Amino acid sequence: MSRVRRWVTIALAVVALLYGAVATMLYAWQRDLLFIGSVRPVALPATPPGYRDLRLSAADGTPLRAWYRPAANGKPVILFFHGNGDTIAGSAAAVAPYVAQGYGAMLPEYRGYGGMPGRPSEALVSDDADWALGWLKAHGIVDRAIVMMGYSLGTGVATQTATRFRPSALVLFAGYASIDRVAAGRFWFLPVRYLLTEHFDNAAKLPRVAAPVLLLHGTADRTVPYDNLAELRPS
């Protein structure tokens with residue numbers, strides 16, 4: 001083998017090793033990248049005035065937490081799911097304009113966030129969202145009195161939850177077609193479809209939502225590109 005061919009072979013082997021290492025890291029760390037708030041958890045501040053601090057347990061025994069504020073004058077309760085780097089403190093700020101008008105608010109925290117134990121996944125946070133909705137229904141708040149809202153990562157949780165219940169409306173802020181779609185844009189050189197275990201496929205689930213849907217997205221969004229909006233088609 002000539003010296004040039006040997007160096008080319010070595011170079012190709014190094015590239016292959018680096019490519020494999022990046023693919024392996026994406027596969028192994030995808031939950032940490034997706035649920036970044038559980039990797040660098042921030043303790044929650046004091047419960048805002050007018051809210052109850054709810055503490056219960058998930059089906060697997062993991063402690064769960066949510067802030068709840070009842071509605072006034074028969075208005076709906078907003079069930080809000082925040083983005084991947086936020087906490088329910090951010091949820092409280094997001095719904096503040098609606099709360100000021102008398103809307104209620106149920107703000108469930110993801111496991112592993114806000115100082116809570118546990119490691120989140122698509123399946124687990126979706127199940128935990130069902131717990132929050134179940135708590136509302138157990139306290140006499142029916143589906144038609146609930147408006148589900150999600151921001152960024154939370155749009156996947158909200159959409160999944162809305163497929164299993166029938167809220168009065170579903171509102172998605174900065175929604176994505178799927179995690180696969182967003183990841184493919186960032187890691188275009190990797191076969192993300194075969195590496196990801198967390199999908200949150202909003203585009204596939206949204207047609208199954210039996211409620212009015214409002215989609216809101218900014219054209220300057222760099223985290224979830226605006227063109228994801230074109231793939232979100234309600235029924």
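Because the structure is predicted, anything quoted here is derived from the model rather than measured.
- Applying the ring-ring contact (aromatic ring centres under 6.0 Å, His included) test to pairs two or more places apart or on separate chains, none has a residue in residues 145-186.
- For E122 and K205, the salt-bridge test passes: some basic side-chain N is under 4.0 Å from an acidic carboxylate O.
- A donor atom on one side chain and an acceptor atom on the other are found under 3.5 Å apart for T155 and N202.
- In the displayed structure, D60 atom CG is contacted under 6.0 Å by more than 12 heavy atoms of other residues, nucleotides or ligands.
- The pair R164-D143 does not meet the salt-bridge criterion, since no charged nitrogen lies less than 4.0 angstrom from a carboxylate oxygen.
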### Query
Can you list the steps and then say if Y110 with N84 is a side chain to side chain contact (heavy atoms under 4.5 Å, CB included)?
CA-CA 9 Å; Y110 306 137; N84 70 338; over 6 Å; no
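- For the pair T159 (side chain) and G156 (backbone), a donor-acceptor distance under 3.5 Å is absent.
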#### Entry: ring pair (Phe, Tyr, Trp, His ring centres under 6.0 Å) between Y113 and H82, intermediate numbers included
CA-CA 11 Å; Y113 278 68; H82 62 71; 5.6 Å; yes
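- Here the CE atom belonging to M116 is positioned 8.5 Å from the CD1 atom belonging to I88, to the nearest 0.5 angstrom.
- With hydrogens and angles left out, the side-chain atoms of R111 and T62 include a donor and acceptor closer than 3.5 Å.
- Checked by atom type and distance alone, the side chain of H217 never pairs as donor or acceptor with a backbone atom of L172 at under 3.5 Å.
- L133 contributes atom CG, which lies 7.0 Å from atom OG1 of T161 (distance to the nearest 0.5 angstrom).
- Note: H139 and W135 have parallel aromatic rings, judged against thresholds of 30 and 60 degrees for the angle between ring planes.
- With rounding to the nearest 0.5 angstrom, the CZ atom of R119 is 5.5 Å from the CG atom of D32.
- Of all heavy-atom pairs spanning P117 and P63, the tightest one is CG-CD, 3.6 Å.
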